[in-house]
Amino acid sequence: MSLRLGDTAPDFTANSTAGKINLYEYLGDGWGILFSHPADYTPVCTTELGTAAKLKGEFEKRNVKMIALSVDGIDSHHGWVKDINETQQTEVNYPIIADEDRKVAELYDMIHPNANEKLTVRSVFIIGPDKKIKLTITYPASTGRNFNELLRVIDSLQLTADYSVATPANWKHGEDVVIAPAISNEEIPAKFPKGHKEIKPYLRTTPQPNID
Ligand code: BEZ
């Protein structure tokens, strides 16, 4: 059965470009992003892995560890990483799981047989410090993911976790956020000292709480 939001992210130990890796040990008590790729030496995946490597600092700032997966073997991965570094002008600086036996792909339901019987689709799982799944997305093999969007979602998830706020449509870092319906009007001044606007009783906004 597929994994859903709030489910516990299944733990696994697998071979990767950084050696043997256990998911839970690797994540520690931080956040994680696990993303799958259809196959090595493919053009869209090459650009994705390069883009992700360039954004590693942004993921680190948010205490998010990155881990990629492809169902090819470790020798293939190491050769491909050289190509990624060369063509994308970066250094792949996070582990890529060599999931030749598709153990992890099956655990996370990353193979969608009606799309392709053998290859993984472009799945993304964001895992919280409590090891629960906070986000899943599935892109087709032909569409590269937007890693800036993934950072935006992580910002939103972390705001929700820390401040009882949600983020409106197309929200970007620095813009006003929405006060969670569970917060009563009486609680607002103490929780949101920057003030708030009540557009409707159910639609209350406040400046983003974690910036000056
Ligand atoms: C790619 O990464 O370029 C790709 C992989 C599988 C199918 C289509 C494109």
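Each ligand, and each atom within it, is numbered from 1 in the order the structure gives.
- Ser76 contributes no side-chain N or O that, together with a main-chain N or O of Asp72, makes up a donor-acceptor pair within less than 3.5 Å.
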Tabulation required: pairs of a nitrogen or oxygen in ligand 1 and a protein nitrogen or oxygen under 3.5 Å; columns are atom names and distance to 0.1 Å; otherwise 'none'.
residue, atom, partner, partner atom, Å
ligand 1, 2 (O), Thr42, OG1, 3.0
ligand 1, 2 (O), Val44, N, 3.2
ligand 1, 2 (O), Cys45, N, 2.9
ligand 1, 2 (O), Arg122, NH2, 2.9
ligand 1, 3 (O), Pro43, N, 3.2
ligand 1, 3 (O), Val44, N, 2.6

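- Between the side chain of Thr143 and the backbone N or O of Tyr139 there is no donor-acceptor pair closer than 3.5 Å.
- A donor and an acceptor atom, one from each side chain of Trp80 and Thr46, are located under 3.5 Å apart.
- Looking only at distances, a side-chain donor or acceptor of Thr206 sits under 3.5 Å from a matching main-chain atom of Gly195.
- Remark: the backbone N or O of Ala141 is paired with a side-chain donor or acceptor of Arg122 at under 3.5 angstrom.
- Both the sub-6.0 Å distance and the 45° axial angle are satisfied by Lys65 relative to the ring of Tyr26.
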